[in-house]
Amino acid sequence: MCCSSEKRVRTRFAPSPTGFMHVGNLRTALYAYLLAKSRHGDFVLRIEDTDQARYVEGAVQVIYDTLARAGLRHDEGPDRPGAYGPYVQSERREIYKKYAEELVRKGAAYYCFCGKHEAEPEGEESVSDAACVCPCRSMDPAAAAEMASSGRPHVIRQKIDRSGVSVFTDAVFGEITIENKVLDDQILLKSDGMPTYNFANVVDDHLMCISHVVRGSEYLSSTPKYNLLYRAFGWEIPVYVHLPLIMGRNADGEISKLSKRHGSVSFENLLAEGYLPEAVVNYIALLGWSPKSDQELFRLEELAEKFDVSGLNKSPAVFDYGKLRWMNSEYIKMLSPEAFAEVARPFAALPEKLSSAWPKIAAILHQRTELLSEIPGKIAFLAEVPAFENDLFFNKKSKCSPETAREILTELIPRFEALEALTPEAVGGIISAYAESHGVKLGQPMWAVRIALSGLPVTPGGPGEIMDIIGKDESLKRLKAALERL
RNA sequence: GUCUCCGUCGUCUAGAGGCCUAGGACACCGGGUUUUCAUCCCGGCAACACGGGUUCGAAUCCCGUCGGAGAUGCCA
């Protein structure tokens, strides 16, 4: 029997192996993890693979990888043996069968031989399942059991008394009342012998001693059915923690449950775009939960310390890529220069000749990067000067024009040439000296040299850094080419 | 259609009858610093869905309206 006397907090994350991890699911996992850890409890991973049609090769690995990268370490799971395994539902068939049959014996469920329902034609007054009464419902139990054991295809349905109302309490939403007449005799065991989610989650949560069921609010309206199941078995009902949904906004401004059409919604996509896992975790933690303080940046351990169900919100939250981006930039800035160079490297797409200059390139990129995937675009000019017009030499603020640029380059090129090495300091010194001797703003020669060097009005780093990175030969080549066209 | 839930700046949120001329953050706008841009600093714009109650007093409680979302699968 189970451990209902045990006070230990145990939560679970129970994803279906569909091949990718939706951020909504990740957030559910995060909250389940935080709830458990904030109370020094256990966080369990269970794989819900009861839908064979949706099985995807390698999908379980995606789940492990996601949890690992997000830092959500589970205490038990298929890969971490615990006392309540197996942790994969397809390996628990016999368990569900046994309990489903127990329910039939208790009169809380029945065999149904009706076959699949055809889809109802659109537009008609749809007759809900709840309203129609299956003839199998009133079949003689002994006869039905015999038919079932003789191999006749069947499912097992929950037998629900539709009178009265069901009331339950959710830790987030409070007291919820639902009329029993809207509850249908849902299928517990499918004709292939696999349980439905509706049945498996109850059996497993009980058997695995889950104390707090953390899940999306889409399950709110079916919760009374689960409670009926717990009662039929005589099991203790867990604490429910239903989470507000994460919404997305489409191009027309319409809001609906966040899905692929709203952008990258899987954790792996987000990482591939250059969001740091810590930033994503921090961001989604605050999507629907508030620490009730003005703090917004949290390490995972800190979240586990501060997490409390009372901070959970009831209303749906719109996923805001803009704010995620800001948070990502905060995490990038917090990285040490070495760490930044390392995480950014795979995104850089550097040509061979520049690869040894990576540490220097990373240094000028560090404080100006919000998303790692923007890096190639920011540094492409290092490999090759993009086509540009001489008009680019015009700059109001620094009073620069193609004419002044010509003067500047004419005077400066020999000085750069005379330099042993084009270090940022040496280059800066020469440019400053020019500004001073000509009585112009520093920005003027800076602008001219930058444009000549990069063909861009905006570059990471200034002329000194750029020359240092591309080297003396290449620098002079570019400056001379620019002067020639002036 | 039916049922359930939700409704504070554009977005994420604080607010649990007087502390609210409603606070923070992102975004946006403006200013300053700066070797461009960015970072950084300062400032600004911007919300209690609406209508009734209850109360000396309501963003906070009650009712209604409207709006939004979810559920209604041999998916989870």
Side-chain angles (χ1 to χ4, degrees), chain A residues 14-16 18 25 48-51 53-54 112 115-117 119 124-126 128-131 153 155-157 170 173-174 176-179 181-184 186-192 194-198 200-201 215-224 242 244-245 247 249 253-257 283 286-297 311 313-327 329 333 366-370 378 395 397-398 400 424 427-428 431-432 435 441-447 449-451 454 456-465:
Chain A
S16 288
T18 58
N25 284 126
E48 307 224 328
D49 60 346
T50 56
D51 185 359
R54 290 214 295 173
C112 171
K116 295 193 186 189
H117 284 250
E124 306 250 326
E125 285 281 301
S126 73
S128 79
D129 271 2
V155 298
I156 292 180
R157 284 182 185 274
D170 178 82
F173 288 87
I176 309 262
T177 304
I178 289 177
E179 290 183 273
K181 67 180 181 197
V182 304
L183 271 24
D184 63 319
Q186 63 178 350
I187 290 174
L188 267 18
L189 214 61
K190 303 186 250 189
S191 55
D192 65 1
M194 282 290 198
T196 57
Y197 164 83
N198 300 130
N201 92 79
R215 56 156 72 123
S217 65
E218 65 266 33
Y219 293 105
L220 224 34
S221 44
S222 37
T223 297
H242 284 95
L245 265 12
M247 314 299 284
R249 188 192 289 280
E254 288 158 347
I255 289 176
S256 57
K257 218 167 155 180
Y283 176 71
L286 263 26
L287 243 200
W289 176 76
S290 166
K292 313 216 170 199
S293 73
D294 289 342
Q295 187 180 346
E296 296 205 272
L297 267 15
N313 222 297
K314 296 185 205 184
S315 42
V318 177
F319 193 93
D320 181 356
Y321 289 91
K323 185 144 188 180
L324 205 213
R325 193 185 173 85
W326 164 77
M327 195 166 276
S329 76
K333 281 176 230 156
H366 193 176
Q367 299 302 316
R368 316 162 197 261
T369 301
E370 289 190 303
K378 284 184 193 288
N395 182 281
K397 202 174 159 195
S398 62
C400 191
V427 170
I431 295 178
S432 300
K441 277 179 141 179
L442 185 56
Q444 192 187 89
M446 281 288 177
W447 182 264
V449 177
R450 173 198 313 283
I451 301 299
S454 68
L456 295 172
V458 176
T459 59
E465 284 90 1

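Keep in mind the model is a prediction, meaning the values are calculated, not measured. Proteins come first, then strands; the chains are lettered A, B, ... in the order of their sequence lines, and each starts at number 1.
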Length of the line joining [X]:[atom1] and [N]:[atom2], which is rounded to integer Å:
X: Asp51(A); N: G73(B); atom1: CG; atom2: C1'; answer: 10 Å
X: Glu254(A); N: A69(B); atom1: CD; atom2: P; answer: 8 Å
X: Asp320(A); N: C28(B); atom1: CG; atom2: P; answer: 11 Å
X: Trp289(A); N: A14(B); atom1: CH2; atom2: P; answer: 11 Å
X: Asn201(A); N: A76(B); atom1: CG; atom2: P; answer: 10 Å
X: Trp326(A); N: C12(B); atom1: CH2; atom2: P; answer: 16 Å
X: Leu287(A); N: U11(B); atom1: CG; atom2: C1'; answer: 10 Å

So which protein N/O to nucleotides 6-9 of chain B N/O distances come out below 3.5 Å?
{"unit_1": "C6(B)", "atom_1": "OP1", "unit_2": "Lys314(A)", "atom_2": "NZ", "d": "3.4"}

Which part of the nucleic acid does [X] contact within heavy-atom distance under 4.0 Å: base, sugar-phosphate only, or nothing?
X: Ile255(A); value: sugar-phosphate
X: Val155(A); value: base
X: Thr50(A); value: sugar-phosphate
X: Tyr219(A); value: base
X: Arg215(A); value: nothing
X: Ser16(A); value: sugar-phosphate
X: Ile187(A); value: base
X: Met247(A); value: sugar-phosphate

Can you find a donor-acceptor N/O pair under 3.5 angstrom joining the side chain of Lys323(A) to the base of A25(B)?
yes

Thr196(A) (side chain) and C74(B) (base): donor-acceptor pair under 3.5 Å
no

Nearest-Å distance once atom [atom1] is located in both [N] and [M]:
N: G57(B); M: C19(B); atom1: P; result: 15 Å
N: C29(B); M: C6(B); atom1: C1'; result: 33 Å
N: G15(B); M: G51(B); atom1: P; result: 26 Å
N: C26(B); M: A58(B); atom1: P; result: 34 Å
N: A22(B); M: A46(B); atom1: P; result: 11 Å
N: A16(B); M: G73(B); atom1: P; result: 42 Å
N: U34(B); M: U60(B); atom1: C1'; result: 47 Å

For [X], what residues pass the salt bridge (charged side-chain N to carboxylate O under 4.0 Å, His left out) criterion, not counting sequence neighbours?
X: Asp51(A); value: Arg54(A)
X: Glu179(A); value: Lys181(A)
X: Lys257(A); value: none
X: Glu370(A); value: Arg325(A)

Any strand counts, and the cut-off is 3.5 Å on both contacts for Watson-Crick or G-U wobble. Which nucleotide pairs with [N]?
N: A22(B); value: none
N: C37(B); value: none
N: A71(B); value: U2(B)
N: C28(B); value: G44(B)
N: A49(B); value: U65(B)
N: A58(B); value: none

Can you sort out the partners of Phe319(A) under ring-ring contact (aromatic ring centres under 6.0 Å, His included), two or more places apart, ordered by chain and number?
Tyr283(A), Tyr321(A)

Can you sort out the partners of Trp447(A) under ring-ring contact (aromatic ring centres under 6.0 Å, His included), two or more places apart, ordered by chain and number?
none

Is any side-chain nitrogen or oxygen of Lys257(A) closer than 4.0 Å to OP1 or OP2 of A76(B)?
no

For nucleotides 33-42 of chain B, just jot down a letter per nucleotide in 5' to 3' order: B, S or -, based on protein non-hydrogen atoms under 4.0 Å.
-BBBBSSS--

What one-letter contact string describes nucleotides 59-67 of chain B from 5' to 3', where B marks a base within less than 4.0 Å of any protein heavy atom, S marks contact via sugar-phosphate atoms alone, and - marks no contact?
---------

Enumerate the protein-to-nucleotides 16-23 of chain B contacts in which both atoms are nitrogen or oxygen and the separation is below 3.5 Å.
none

Residues that Lys323(A) engages under side-chain hydrogen bond (donor to acceptor under 3.5 Å, both in side chains), provided they are two or more places apart
Glu296(A)

Among residues at least two apart in sequence or on other chains, which ones pass side-chain hydrogen bond (donor to acceptor under 3.5 Å, both in side chains) with Ser222(A)?
Tyr226(A)

Measuring from atom CG of Leu287(A) to atom CG of Leu324(A), what distance do you get when rounded to the nearest 0.5 angstrom?
8.5 Å

